[in-house]
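Read through the structure below, which is laid out as structure tokens, and then see the notes.
Because the structure is a prediction, the values reported are computed rather than measured.
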Amino acid sequence: MAKTQRLDKVLSNMGYGTRREIKLFMKKNSVDVNGVHVKDGSVHVDPQEDVIKINGEKIHYRDVVYLMMNKPQGVISASFDPKVETVVDLVDETYRVFELFPVGRLDKDTEGLLILTNDGKLAHELLAPKKHVPKTYYARIEGRVTDDDGDAFQKGVTLDDGYVTQPASLKILKSDEVSEIELTIYEGKFHQVKRMFEAVGKKVTYLKRISMGNLKLDPQLGLGEYRELTEGELQILVNR
């Protein structure tokens, strides 16, 4: 991103409105740059170096945002959909101005860890197949899950379209008529966890992503809630 930007673009990125709205905003509010009152939004500023104040309060500029969400069922992993609620619809308007998008996807009926950002480079790093970023899911399974299933997943199972999965790690938490497991996969095929269990004759009845790389879902986040990543959590993703 260029070192200097138009002032109206900086204010828009900070959630003060569209450029048209910024024009009206600047007429009604005192906007100062390095102590000089400015009403022209086309003025170029360096948001990292220049001191920009609105009604005497200094703004702290940023151009990228990273959110952790506990995705609920019933919403889709997309930025926009004309008919169905998306994960971005759950986010406050002050964040939507950053044009966030979900990193990867969770099925509509799947819950759990989802990262929303506008950092395309990081998203690519996390999603690129050659990076093999592990994703761990908790699931409830209709049917008794056994060590044989774990062996099959470790070798790779053939999905309904003929694709053979990469080795995956199965941890059995409870083996009963309804089993509970954790499964770590290193790829992200469509409905992959569900299809893997179908390949061994079982059905997933509940699915939740609990980690991505070494980043774990914050247990304090309720369904549909989100928060910004801490600096430490961001470094976990960057330096995984």
Side-chain angles (χ1 to χ4, degrees), residues 68-77 87 102-116 122-226 229 232-233 235-240:
M68 173 192 293
M69 175 179 285
N70 185 359
K71 177 193 170 298
Q73 295 184 24
V75 298
I76 62 173
S77 299
V87 290
V103 178
R105 66 187 304 278
L106 289 177
D107 298 334
K108 187 176 181 180
D109 60 353
T110 299
E111 299 176 358
L113 176 63
L114 189 66
I115 303 301
L116 288 86
L122 178 63
H124 174 74
E125 289 290 313
L126 293 173
L127 297 176
K130 64 180 181 180
K131 299 296 183 180
H132 303 299
V133 177
K135 294 170 282 287
T136 300
Y137 295 80
Y138 164 83
R140 289 195 285 269
I141 312 297
E142 189 176 283
R144 190 178 296 275
V145 178
T146 68
D147 290 338
D148 288 342
D149 298 320
D151 293 339
F153 290 161
Q154 188 60 48
K155 295 175 183 176
V157 294
T158 303
L159 303 183
D160 48 13
D161 60 357
Y163 177 81
V164 179
T165 62
Q166 296 177 13
S169 301
L170 177 68
K171 179 180 180 180
I172 301 173
L173 304 176
K174 176 184 177 183
S175 180
D176 209 328
E177 293 181 5
V178 175
S179 299
E180 297 180 27
I181 63 91
E182 288 181 5
L183 181 67
T184 300
I185 61 176
Y186 297 84
E187 51 194 334
K189 298 299 179 182
F190 184 66
H191 292 319
Q192 181 170 338
V193 175
K194 298 172 185 176
R195 293 164 68 200
M196 287 177 68
F197 275 98
E198 287 173 0
V200 294
K202 298 177 177 67
K203 181 180 179 181
V204 174
T205 59
Y206 173 81
L207 188 61
K208 177 178 184 176
R209 183 158 65 194
I210 58 177
S211 69
M212 188 172 186
N214 290 320
L215 181 67
K216 300 182 184 300
L217 176 64
D218 183 345
Q220 300 300 316
L221 284 179
L223 288 172
E225 294 183 344
Y226 59 90
L229 292 183
E233 289 170 335
Q235 290 308 308
I236 286 175
L237 290 181
V238 171
N239 301 320
R240 67 201 173 285

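Counting heavy-atom neighbours within 6.0 Å of Asp151 CG, excluding the residue itself, gives a total above 12.
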Assess whether side-chain contact (heavy atoms from CB on, under 4.5 Å) is satisfied between Glu142 and Val178, documenting all intermediate values. CA-CA 5 Å; Glu142 189 176 283; Val178 175; 5.7 Å; no
Output, in order, the C-alpha distance, side-chain angles, deciding distance and verdict of side-chain contact (heavy atoms from CB on, under 4.5 Å) for Thr165 and Ile185. CA-CA 9 Å; Thr165 62; Ile185 61 176; over 6 Å; no
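Residue Gly143 comes nearest to Ser179 through the heavy atom pair O-OG, 2.7 Å, listed as atom of the first residue, atom of the second, then distance. Listed here is the closest heavy atom pair of Ala139 and Val204: CB-CG1, 4.4 Å. Nearest approach of Tyr186 to Pro134, heavy atoms of both residues: CE2-CB, 3.5 Å. Here the closest heavy-atom approach between residue Gln192 and residue Lys189 is recorded as OE1-N, 2.9 Å.
Not one N or O on the side chain of Ser175 forms a donor-acceptor pair closer than 3.5 Å with the backbone of Thr146. Proximity of a side-chain donor or acceptor of Arg209 to a complementary backbone N or O of Leu113 within less than 3.5 Å is detected. Under a 3.5 Å cut-off, the side chain of Ser77 and the backbone N or O of Pro102 do not form any donor-acceptor pair. The backbone N or O of Ile210 sits nowhere less than 3.5 Å from a side-chain atom of Thr136 that would complete a donor-acceptor pair.
Looking only at side-chain heavy atoms (C-beta outward), Leu217 and Lys208 come within less than 4.5 Å of each other. Annotation: side chain of Leu170 is in contact with side chain of Phe197 (closest heavy-atom distance under 4.5 Å). Within the 4.5 Å cutoff, the side chain of Leu116 has no heavy atoms near those of the Tyr226 side chain. For the pair Arg140 and Glu180, the minimum side-chain heavy-atom distance is below 4.5 Å. Put simply, the side chain of Leu173 does not reach to within 4.5 Å of the side chain of Ile181, judged on heavy atoms.
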Under 3.5 Å, which donor-acceptor pairs link side chains of residues 103-110 to any protein atom two or more places apart or in another chain?
from: Arg105; atom 1: NH1; to: Asp107; atom 2: OD1; distance (Å): 2.9
from: Asp107; atom 1: OD1; to: His191; atom 2: ND1; distance (Å): 3.3
from: Asp107; atom 1: OD2; to: His191; atom 2: ND1; distance (Å): 2.6
from: Asp109; atom 1: OD1; to: Lys194; atom 2: NZ; distance (Å): 2.6
from: Asp109; atom 1: OD2; to: Lys194; atom 2: NZ; distance (Å): 3.1

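Put simply, OG on Ser169 and CD on Gln154 are 5.0 Å apart, with the number rounded to the nearest 0.5 Å. Between Met68 atom CE and Glu233 atom CD the span is 4.0 Å, to the nearest 0.5 Å. From Asn70, atom CG reaches atom CG of Asp218 across 9.0 Å, with rounding to the nearest 0.5 Å. With values rounded to the nearest 0.5 angstrom, Tyr138 atom OH is found 10.5 Å from Leu207 atom CG. With rounding to the nearest 0.5 angstrom, the OH atom of Tyr137 is 8.0 Å from the CE atom of Met212. The distance from atom CG of Leu215 to atom NZ of Lys135, rounded to the nearest 0.5 Å, is 12.5 Å.
With respect to Asp149, the salt bridge (charged side-chain N to carboxylate O under 4.0 Å, His left out) criterion is satisfied by exactly one of Lys171, Lys155, Lys202: Lys202.
For Glu187 and Tyr163, the side-chain atoms include at least one donor-acceptor pair closer than 3.5 Å.
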